Amino acid sequence: MSDEHDTPAPDAPAAAAPEAEAPAEEGLPAFGRWLARERELRGLTRDEVTRAIKLAPGVVEALESGEEARIPPRAYVVGYLRGYAAAVGLDPDEVVLRFEEAAGPVEARARRAPRGADPRVLAGAALALAVAAAAAWAVLGR
């Protein structure tokens with residue numbers, strides 16, 4: 001009976017490993033390619049979509065590139081994707097859902113790309129500014 005369990009075990013991890021890695025590797029780039037392909041299938045140029053949704057060309061390029069560093073913040077990207085979907089003739093809910101699946105959980109994105117300054121740096125800068133102001137007041141006040 002141990003032979004039955006030993007034989008499938010080496011095959012199972014080998015088969016499961018590529019499936020587990022593929023979505024992580026594809027993610028946003030695959031989503032961007034999907035957007036561009038759907039636009040092209042409908043015979044639309046990127047410029048036509050840009051004009052229809054009144055966005056900067058760089059925003060549409062960023063959405064279609066799938067490069068995480070170029071994708072606008074989530075607060076904006078959902079609206080941009082809904083407009084893109086309407087201009088191209090896609091279901092806006094499906095487009096947003098596909099983006100969320102490709103991008104992963106919001107918490108994971110926040111950990112990967114922190115935005116904003118470290119509170120300790122801000123506190124240090126405020127302290128340095130206060131010391132400089134006090135020194136300037138002491139020198140100029142005499």
Side-chain angles (χ1 to χ4, degrees), residues 1-140:
M1 188 165 219
S2 63
D3 290 337
E4 291 175 15
H5 294 290
D6 292 340
T7 305
D11 295 337
E19 292 174 11
E21 291 174 335
E25 289 177 11
E26 290 297 314
L28 289 172
F31 172 76
R33 287 190 303 272
W34 175 76
L35 278 181
R37 185 176 63 246
E38 291 297 320
R39 173 183 51 76
E40 291 165 354
L41 286 172
R42 287 158 176 79
L44 297 170
T45 67
R46 189 179 287 158
D47 288 338
E48 290 172 324
V49 173
T50 299
R51 283 192 302 273
I53 58 179
K54 297 179 174 66
L55 284 178
V59 174
V60 175
E61 289 174 25
L63 295 173
E64 290 186 354
S65 77
E67 293 177 42
E68 186 172 357
R70 295 180 59 201
I71 301 278
R74 187 188 187 292
Y76 299 105
V77 77
V78 170
Y80 295 164
L81 288 171
R82 288 185 175 282
Y84 185 103
V88 173
L90 298 169
D91 176 20
D93 292 333
E94 178 187 354
V95 172
V96 171
L97 178 63
R98 282 180 179 247
F99 169 78
E100 292 296 335
E101 289 173 350
V106 174
E107 297 81 25
R109 290 195 309 264
R111 282 193 302 270
R112 285 192 306 251
R115 300 185 195 272
D118 183 353
R120 294 173 292 184
V121 172
L122 292 176
L127 180 60
L129 182 60
V131 169
W137 181 75
V139 170
L140 296 175

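What you see is a predicted model, and the numbers here were worked out from it, not measured in a lab. Residue numbers start at 1 and run along the sequence shown.
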Visitor: To the nearest 0.5 Å, how far apart are CZ in R42 and CZ in R37?
Guide: 10.5 Å
Visitor: If I take atom CG from residue L28 and atom CZ from residue R33, how far apart are they, to the nearest 0.5 angstrom?
Guide: 10.5 Å
Visitor: Closest heavy-atom contact between A85 and P92?
Guide: CB-CA, 3.6 Å
Visitor: Go through V59 and I53 one step at a time and tell me if the side chain to side chain contact (heavy atoms under 4.5 Å, CB included) criterion holds.
Guide: CA-CA 11 Å; V59 174; I53 58 179; over 6 Å; no
Visitor: Under a 4.5 Å cut-off applied to non-hydrogen side-chain atoms, are L81 and L35 in contact?
Guide: yes
Visitor: Salt bridge check: are E100 and R74 linked by an N-O gap of less than 4.0 Å?
Guide: yes
Visitor: So, do I71 and F99 sit near enough that their side-chain heavy atoms are less than 4.5 Å apart?
Guide: yes
Visitor: Taking all non-hydrogen atoms of both residues into account, name the closest pair between T50 and A56 and its distance.
Guide: CG2-C, 4.0 Å
Visitor: Can E48 and R39 be counted as an ion pair, charged N to O under 4.0 angstrom?
Guide: no
Visitor: Do V88 and V95 have side chains that approach each other closer than 4.5 Å (heavy atoms only, starting at C-beta)?
Guide: no
Visitor: For the atom pair CG (L44) and CZ (R51), what is the distance rounded to the nearest 0.5 Å?
Guide: 10.5 Å
Visitor: Are the side chains of Y84 and E64 in contact, using a 4.5 Å heavy-atom criterion?
Guide: yes
Visitor: Looking only at non-hydrogen atoms, find the nearest pair between A87 and A52 and report the distance.
Guide: CB-CB, 4.0 Å
Visitor: Check whether any side-chain heavy atom of R70 lies under 4.5 Å from a side-chain heavy atom of L63, and answer yes or no.
Guide: no
